[in-house]
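Scroll down for the structure; my scribbles are underneath it.
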Number of protein chains: 2
Amino acid sequence: MSNYQINNTPLDEMFKALSNPHRLALFNRLMNCCTPGTKCGVEAERFCVGELGEGLDIAPSTLSHHLKELNRAGLIQMERRGKHVECWLDPSVLTELSAFFKV
Amino acid sequence: MSNYQINNTPLDEMFKALSNPHRLALFNRLMNCCTPGTKCGVEAERFCVGELGEGLDIAPSTLSHHLKELNRAGLIQMERRGKHVECWLDPSVLTELSAFFKV
DNA sequence: TTGATAGTTCGACATATTTCGAATTATAGG
DNA sequence: CCTATAATTCGAAATATGTCGAACTATCAA
């Protein structure tokens, strides 16, 4: 049944995490704040939970749930910093996902 | 909310199609039969429905359903040929999906 | 035309997902 | 210690998904 994994997360779980429009939007925000070619996760390339959810029109509890899913799937990193929880992308995951589809 | 599309299919629907282990396995079989760098869909790089489902241990109706989903998501092509229905990948979709994750 | 093989459609059922609001936890500041 | 802000957890409800078997359609070959 093929069991490809990236950083110990089965691929299908990654795709499941990206299969919801809200979660994909959150993921996209983090992708777009990443300067191409540079390491993600730098100060300026982090968003806190509240910022990420802006304009998405979902309840805080729903937002929290979705970010947790993205995190469980290994797609984003999260870390508490004072009152906020910061989120950022793991660039290596992006690279591997890109490679997966490489013809 | 960002609305990326590839060939008129919203990205989140593509990921949804790939989010099921069975469907991902089917997709993988088609990917692996594609000679890297060459055009997919060539005679030798097609599988009929029955072949694709071999070893997956799912009912024919379930198999049919999953392939239909992959097709609806624009990830695979399907065409009747005599008694069989042949399936193959659209390489341009692969390229675009790969590009999406490109850092 | 009849039978066999390959797939699809349909209806049903169990399970999973999405979403919310209310209650809760964590932290900083007065 | 008390309050406000940020986020998470929990339980409930509505909706979606995965799966099957039975019935159906399509095609080829005798």
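Chain A is the first sequence line, chain B the second, and so forth, proteins listed ahead of strands; every chain is numbered from 1. Here the structure is a predicted model, which is why all the values come from computation and not from measurement.
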Separation of D/dG18 atom C1' from B/L70 atom CG, nearest Å, is 14 Å
How long is the line joining NZ of A/K16 and P of D/dA16, in whole Å? 16 Å
Show the nearest heavy-atom pair for residues B/L56 and B/R29, with the distance to one decimal. CD1-NH2, 3.7 Å
Ignoring hydrogens, what is the shortest heavy-atom contact between A/L11 and B/L24? Give both atom names and the distance. CB-CD2, 3.8 Å
Let me see the working for A/F100 and B/N28 under side chain to side chain contact (heavy atoms under 4.5 Å, CB included), right down to the final yes or no. CA-CA 10 Å; A/F100 173 74; B/N28 252 309; 3.8 Å; yes
Give the first and the last nucleotide of DNA chain C, reading 5' to 3', that has any atom under 4.0 Å from a heavy atom of chain B. C/dT5 to C/dT9
Go through the structure and list residues passing salt bridge (Lys or Arg N to Asp or Glu O under 4.0 Å) with B/E69, not counting sequence neighbours. B/R72
For B/C48 against B/H84, the heavy-atom pair lying closest together: SG-ND1, 3.4 Å
Rounded distance in Å - CD (A/E79) to P (D/dA7): 14 Å
Spacing of B/D57 atom CG relative to D/dG18 atom C1', expressed in whole Å: 14 Å
What pair of heavy atoms forms the shortest contact from A/V93 to A/G74, and how long is it? CG2-O, 3.5 Å
Integer-rounded Å distance: D/dC20 C1' and B/L56 CG: 15 Å
Rounded to the nearest Å, what distance is computed from the NE2 atom of residue A/H22 to the C1' atom of nucleotide D/dT15? 15 Å
For DNA chain C, which residues of residues 58-68 of chain A approach it to below 4.0 angstrom with any heavy atom? A/I58, A/A59, A/S61, A/T62, A/H65, A/H66
Looking only at heavy atoms, what is the nearest atom pair of A/F27 and A/L70, with distance? N-CD1, 4.4 Å
Verify the ring-centre separation between A/F101 and B/F15: is it less than 6.0 angstrom? no
Without decimals, in angstroms, what is the distance between B/R23 CZ and D/dT17 C1'? 8 Å
Collect all protein-nucleotide pairs involving nucleotides 25-30 of chain D in which both atoms are nitrogen or oxygen and the distance is under 3.5 Å.
none

Could you list all the side-chain hydrogen bond (donor to acceptor under 3.5 Å, both in side chains) pairs where at least one residue sits in residues 53-67 of chain B, not counting sequence neighbours? B/R23-B/H66
Nearest-Å distance, CD (A/E86) to P (D/dA6)? 14 Å
May I have all residue pairs that pass side-chain hydrogen bond (donor to acceptor under 3.5 Å, both in side chains) and include part of residues 93-103 of chain A, sequence neighbours excluded? A/S98-B/S98
Steps toward side-chain hydrogen bond (donor to acceptor under 3.5 Å, both in side chains) verdict (A/T9, A/N7): CA-CA 6 Å; A/T9 304; A/N7 291 353; over 6 Å; no
